[in-house]
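See below for the structure under consideration.
Remember, predicted model here, so these are calculated numbers, not experimental data. The figures that follow rest on heavy atoms only: side chains count, while hydrogens, waters and symmetry mates do not.
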Amino acid sequence: MFPNPLRDPRDRRLPRVPEPCALVVFGITGDLARKKLLPAVYDLANRGLLPTNFALLGLARRDWGNQDFAELARDAARKAARTPWREEVWERLAASVRFVQGSFDDDNAFDELAATLDELEGSHGIGGNAAFYLSIPPAMFPVVLKQMQRTGMAESTPDRWRRVVVEKPFGNDLASSRELNELVDSVFSAEDVFRIDHYLGKETVQNLLALRFANTLFEPVWNGHHVDSVQITMAEDVGIGGRAGFYERTGAARDVLQNHLLQLLALTAMEEPVEFSADEIRTEKLKVLRAVSLPEDLRTFAVRGQYEQGWLAGQRATGYRQEEGVDPASNTETFAAVRLGVETRRWAGVPFYLRTGKRLPRRVTEIALVFKRAPHLPFADTDTEELGNNQLVVRVQPDEGVTLKFGSKVPGSVMEVRDVSMDFLYGEQFTEASPEAYERLLLDVLLGDATLFPRNAEVEASWSVIDPLEEFWAGSTPEPYRAGEWGPRAADDMLAAEGRRWRRP
């Protein structure tokens, strides 16, 4: 394929379409594949972002033929597609859908999968390029990776690329993450491994970089001279659903704090990269993660909780210990909050408060910079009674956008200053809808763009923060909170100990 001489290779405004390739999904019948991956593949095809020579392969234990699998894939894609359904688009995709039946320890199944890839190279012109998506429990990684190594499917050559996508959690702690990283790196080269954190695919998270580094308005105050504290919240109104087995082993800190929230912290606190490239952005994020410090008083500044029976949106919600598959005496946390520091010149002395939880009042993810209070010297105390701290809030989900909160005079004959908000909403400002996170990340995998994917060092630096917390919490009982509340009282006390309070999203 010859490059277009009229196009600047640095120009990212024109759509980028991958080379001919195949996407191979292990665990194609699972929830993630049906609810996220298959709809994302359809949406990419509908937007014209998949190559003409593209194939989708699935491997699972079920005894299906290609036609049965294509029907399942169609139903899943149609149910959750973001873009309008067009039958002709799906028909083109369906012609390149293949299914291989077998278990992960079945040599014959992997031999057939390798043969199918070779066959598609001739029949569909995929050029030998393939991305393998491990939509399977981490315990199955060693078996699958060794099978891929045995069959030669993992080998990239000068004529073809082979990439692997690994879903979180990336281990249970620092030791297991290193073991997993070594295993993956023994089969694939480091640049061919894509560790997926779907939060980094959200449009607002990427806009955080534009907000900071494409404007002169915010950068001068984006530091400890002006910022009093930073609050990063990921709240979910749902419970654990049918994931009791996974959640009992993991808990909120390992499930969300270790990856999503620490990645958001890194993007918020990082310095400006020398260029907008994967290596340079990762370099700056890694500096932040290695500079994260835990509080000395973990008893006050590290809180975990577990939801009990309560009311949410007018519906009675059961407690965590009453959920199906959960140990009635479980000490697994469904809420975690911690105060962290970032020991850099820019952020020295600024607390970063992180919290995540299930069965909270509403689903929301946001990053809030809370600024120091103005001295208010010209005003009487009564003039500013209802004025709080200025805030810059980046909403990651839902209603993606940015809110700036500041003081304004109330109309009237007296001087009274209150908080007002200026809102920017993606949905109102731009006619094009934001792509779903998996849509963007799948496309980046096929393009080989690793900007939004953490590497080994970032994963290990994150575990270095979480492991001491898990060690401190080991054997303790989580603080109770009722479903529909914003977490346990101890989380409010954590901020109150320093004269602050949580922002109400």
Strictly by modelled atom types, are D159 and T157 linked by a side-chain donor-acceptor pair under 3.5 Å?
no
Close side-chain approach of V459 to L180, heavy-atom, < 4.5 Å:
no
Return the minimal non-hydrogen interatomic distance between L208 and T268, and the atom names on each side.
CD2-OG1, 3.7 Å
Is the backbone N or O of V193 less than 3.5 Å from a side-chain atom of R455, with the two atoms forming a donor-acceptor pair by type?
yes
Please find the pair of heavy atoms, one from G305 and one from P478, that lie closest to each other, and give the distance.
C-CB, 3.6 Å
Using side-chain heavy atoms (C-beta onward) and a distance below 4.5 Å, is F99 in contact with L72?
no
Closer than 4.0 angstrom, basic N to acidic O: yes or no for E236 and K358?
yes
Taking L446's backbone N and O only, do any of them form a donor-acceptor pair with R163's side chain (distance below 3.5 Å, no angle check)?
yes
With a 4.5 Å limit on heavy-atom distance, are the side chains of M270 and R212 in contact?
yes
So, taking the atom named CG in L312 and the one named CZ in R362, what distance separates them when rounded to the nearest 0.5 Å?
12.0 Å
Rounded to the nearest 0.5 angstrom, the CG-CG distance for L37 and L442 is 6.0 Å
Test your reading of the model: is there a side-chain donor-acceptor pair from R304 to the backbone of A253, 3.5 Å cut-off?
no
Taking the side chain from R282 and the backbone from A450, do they hold a donor-acceptor pair closer than 3.5 Å?
yes
Check whether more than 12 heavy atoms from other residues, nucleotides or ligands sit under 6.0 Å from atom CD of E87, and answer yes or no.
yes
Would a line drawn from the ring center of F26 to the ring center of F110 be shorter than 6.0 Å?
yes
Could you walk me through whether L441 and F194 pass side-chain contact (heavy atoms from CB on, under 4.5 Å), step by step?
CA-CA 10 Å; L441 294 173; F194 290 73; over 6 Å; no
Name all residues meeting the side chain to side chain contact (heavy atoms under 4.5 Å, CB included) criterion together with V89; count only those two or more places apart in sequence or in a different chain, and write none if there are none.
Y42, A45, N46, R86, R92
Pair D43 + R47: basic N to acidic O under 4.0 Å:
no
Where do V394 and L264 land on the side-chain contact (heavy atoms from CB on, under 4.5 Å) test, with the steps shown first?
CA-CA 11 Å; V394 178; L264 294 181; over 6 Å; no
Test item: V465 and L289 side chains (from C-beta on) under 4.5 Å apart, heavy atoms
no
I'd like to know if E271 and K287 make a salt bridge, using a cut-off of under 4.0 Å between side-chain N and carboxylate O.
no
Quick one: does T334's side chain have a donor or acceptor within less than 3.5 Å of a partner on Y307's backbone?
yes
More than 12 heavy atoms of other residues, nucleotides or ligands under 6.0 Å from CD of E219: yes or no?
yes
With the threshold set at 4.0 Å, does a side-chain nitrogen-carboxylate oxygen contact exist between D449 and R440?
no
With the threshold set at 4.0 Å, does a side-chain nitrogen-carboxylate oxygen contact exist between E460 and R178?
yes
Do R355 and T233 have side-chain atoms, one donor and one acceptor, less than 3.5 Å apart?
yes
Any luck finding a side-chain donor-acceptor pair between N456 and R195 under 3.5 Å?
yes
Heavy-atom donor-acceptor pair, T356 side chain to A336 backbone, under 3.5 Å
no
A33 and S135: which non-hydrogen atoms are nearest, and at how many Å?
N-OG, 4.1 Å
Trace of the side-chain contact (heavy atoms from CB on, under 4.5 Å) decision for M153 with R162:
CA-CA 8 Å; M153 282 191 291; R162 294 289 167 96; 4.0 Å; yes
Rounded to the nearest 0.5 Å, the CD atom of E155 sits from the CZ atom of F188 at a distance of 10.0 Å
So does Y247 get a backbone contact from the side chain of T250, meaning a donor-acceptor N/O pair under 3.5 Å?
no
Verify, without hydrogens or angle tests, whether W347 (side chain) and A269 (backbone) share a donor-acceptor contact under 3.5 angstrom.
yes
Between the side chains of Y320 and E248, is a donor N or O closer than 3.5 angstrom to an acceptor N or O?
yes
Looking at residues at least two apart in the chain, or sitting in another chain, which of them share a side chain to side chain contact (heavy atoms under 4.5 Å, CB included) with S189?
E191, D192
For the side chain of D467 and the backbone of D173, is there at least one donor-acceptor N/O pair under 3.5 Å apart?
no
Can you tell me how far CD1 of I240 sits from CZ of R359, rounded to the nearest 0.5 angstrom?
9.0 Å
Could you tell me if the side chain of P18 sits less than 4.5 Å from the side chain of F54, heavy atoms only?
no
Check V17 against L49 and note the closest heavy-atom contact, atom names and distance.
CG1-O, 4.0 Å
Quick one, L32 with Y438, criterion side-chain contact (heavy atoms from CB on, under 4.5 Å). Give me CA distance, side-chain angles, the key distance, then yes/no.
CA-CA 10 Å; L32 176 66; Y438 277 96; 3.4 Å; yes
Minimum heavy-atom distance between W90 and A77, given as atom pair plus value
CZ3-CB, 4.1 Å
Are E333 and R254 close enough for a salt bridge, meaning some N to O gap below 4.0 Å?
no
How about K285 and Q263: do any of their side-chain heavy atoms sit closer than 4.5 Å?
yes
Locate the shortest heavy-atom distance separating F104 from V144; write the atom from each residue and the value.
CG-CG2, 3.7 Å
Heavy atoms, side chains only, cut-off 4.5 Å: are V164 and V187 in contact?
no
V402 and L392, any side-chain heavy atoms less than 4.5 Å apart:
yes
Using 0.5 Å steps for rounding, measure from the CG atom of L93 to the CZ atom of R74.
12.0 Å
To the nearest 0.5 Å, tell me how far S186 OG sits from K146 NZ.
7.0 Å
